[in-house]
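The shown structure was predicted, so the numbers you read here are calculated from the model rather than taken from an experiment. All chains are named by letter (A, B, ...) in the order of the sequence lines, taking the proteins before the strands, and each is independently numbered beginning at 1.
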Amino acid sequence: MHMSDALISPAVGGTGYFASAAVIGYSIYKIKQQSDNIKVPLMGVLGAFVFAAQMINFSIPGTGSSGHICGSLLLAVLLGPYAAAVVITSVLLTQALFFADGGLVALGCNIINMGLIPCFIAYPLVYKTIAGVNSDKRRIWFACIAASVIGLQLGAGAVVMETTFSNISELPFSSFVMLMLPIHLPIGLIEGMITASVLVMLKQTRPDILSETVLSDNKTFPPLKKVYISFVILALITGGIVSWFASSHPDGLEWAIDKTTGKEELETENSVMVKAAEFQEKTAFLPDYAFSDADSRTSELAGTSVSGIIGALITLLISVAVGIFVRVMQGRKLISENG
Amino acid sequence: MDKNAQIISGAIEVLHRNVDTGTPAASLDPRAKIIVTAVFVTVVVSYSKYSVLDLLPYFAFPLFLIVIGSISLKALFKRMLPAAVFAVMVGIANPFLDPNQVVINNYAFSAGWVSFLSILIRFSLCAAAAFLLILTTEMSRINMALKYLGVPDVFINQMFFMERYIVLLADEALKISRARAARSFGKKGYGITVFTNIITNLLLRTYTRAENIFNAMQSRGFTGTLVRGNKLKWKLYDTLFLLSWIIFFLSVKFNLIGSF
């Protein structure tokens, strides 16, 4: 998701440069403070490693296409956020110069999207909070997947915003968001799974590598059960309470459409889209997040809340079912491999 | 050959560029080239999205570097084509989404196609400028120029080490990819599990390599700062290069040439 110079305006590019230069400058100051000499060759060689690792492809299940890792989260876990941010900046500069992956004007934006977001948002706020000290396998997996998905979604969202603010591409914000975010959801999931597997293997073979960053923090972290429970509570709160506000105030996009066209939703003329909408209406369990016979405002609010909670629970159940399915399949594979 | 191995060997070829140090382009001070390139790409992206003809005079700069750097056009296009994917993919939507018309020299054109053409020209100019900088300057001289321009030592060290080990590790990636291809049949062996195993292996080897490098550096008295020789010397030729191109870019941008 490298931003290109062809699609960026100098104002957006310049803002990206100022913002990323400030954070990278602070990171360099923190690295100097640590005065850890081994980090000098380690950062350089790990930067080259990320470059090399990105060249090796793997096939993406069910799509027939192939992908490569990004490596930002892995670097943040191995080196800490400050050193990782500097390494990713050097990788992005090399990619811009040697391969024109991203441009020189867009470099600041690319540093934010692919370096600063994973290192300073996904790693400390998501990964570290969940993984904690002496993390077990499950905790590392959960932390990596959550951090990777959130990091990539934020990064992809930033690409859309930068492109929209630049106003060179005609792609409307809504279409571009609907293109970028769903594409980066499985990418984040796979990146998280790979990062987790690598970290679990490192923990088994070279735990000293991880001890310098993650394990050196002597904070106490909540047990994994509590983390799961807080995610469920958060989902229920979002579904149950926040959906009230969502129902009374249309979301930003609907608001924007309402303001620009005078209608809350755009009318669809395309016959395929009309058919799809009809099919969706028939099959939707909770159409428009409310009971279909909700007459009064109170019952509408209650309907919206219940819909939100049920929606969150259904999503949770689907996630658990997918998890169990993957586990059963892995077990079968192991049995067949071991004869 | 395995497709992935083919891609990696192509990338190694790009990384292994041979800078012809005998050309006038190579003997220019890298600071002058970096500053001129930065001004060039900033001026190019500052044009409106329907600019096509206004951008054409800027091709003079890459053409000048191609000539004084003895760069093969084929090699330059070979580098630029794979990089064009994102710009083309996002830009191709413009002809379908922008129904307006723009008038250029009294002729009406579809605004979407004009803006798409503008995106392609911007991409060609900016990508060519970046490639020509790297094709006419050794990486060590670029690092040194960045240091002279005030970039902190930590980042310069990082670029220095990356440059040293990138080809080495890319070569390892190529060997790994070939070994995987030799042991895989059909789609088997290209999945995430095998990938994760080989990546972890590569990471462990890389880590050990970094530790060995550090031990070797420490035994030679490394205290955290790398000592480098060959200082840069600014010449009159560099001043002329810098001033003439910046004046040219600004003259075209603010339409000063026609007003004389």
(request) Select one option (side chain, backbone, both, neither) describing which atoms of B:Leu133 are under 4.5 Å from chain A's heavy atoms. (result) side chain
(request) Could you tell me which of A:Asn167, A:Leu46, A:Val50, A:Thr195 has the largest number of non-hydrogen atom pairs under 4.5 Å with chain B? (result) A:Asn167
(request) Go through the atoms of B:Ile198 and report whether side chain, backbone, both or neither lie under 4.5 Å from a heavy atom of chain A. (result) side chain
(request) Please look at B:Ser46 and chain A and tell me whether the side chain, the backbone, both or neither of the residue comes under 4.5 angstrom of a heavy atom of that chain. (result) both
(request) Against chain A, label B:Ser48 side chain, backbone, both or neither, depending on which of its atoms sit under 4.5 Å from a heavy atom there. (result) neither
(request) Using non-hydrogen atoms and a 4.5 Å limit, figure out which bit of B:Asn215 sits close to chain A: side chain, backbone, both or neither. (result) neither
(request) Please flag which part of B:Phe96 lies under 4.5 Å from any non-hydrogen atom of chain A: side chain, backbone, both or neither. (result) neither
(request) Heavy-atom distances under 4.5 Å only: say whether A:Val91 touches chain B with side chain, backbone, both or neither. (result) both
(message) Please classify the contact between B:Leu125 and chain A as side chain, backbone, both or neither, with a heavy-atom cut-off of under 4.5 Å.
(response) neither
(request) Would you give the length of the straight line joining atom OG of A:Ser166 to atom NZ of B:Lys49, rounded to the nearest 0.5 angstrom? (result) 11.0 Å
(message) Please classify the contact between B:Ile199 and chain A as side chain, backbone, both or neither, with a heavy-atom cut-off of under 4.5 Å.
(response) both
(request) Let me know if A:Ile24 has heavy atoms under 4.5 Å from chain B in its side chain, its backbone, both or neither. (result) neither
(message) Is A:Thr89 in contact with chain B via its backbone, its side chain, both, or neither, using a 4.5 Å heavy-atom distance?
(response) both
(request) Against chain A, label B:Arg180 side chain, backbone, both or neither, depending on which of its atoms sit under 4.5 Å from a heavy atom there. (result) side chain
(request) Let me know if B:Tyr165 has heavy atoms under 4.5 Å from chain A in its side chain, its backbone, both or neither. (result) both
(request) Examine whether an atom of B:Met139 lies under 4.5 Å from a heavy atom of chain A, and if so say whether it belongs to the side chain, the backbone or both; otherwise answer neither. (result) side chain
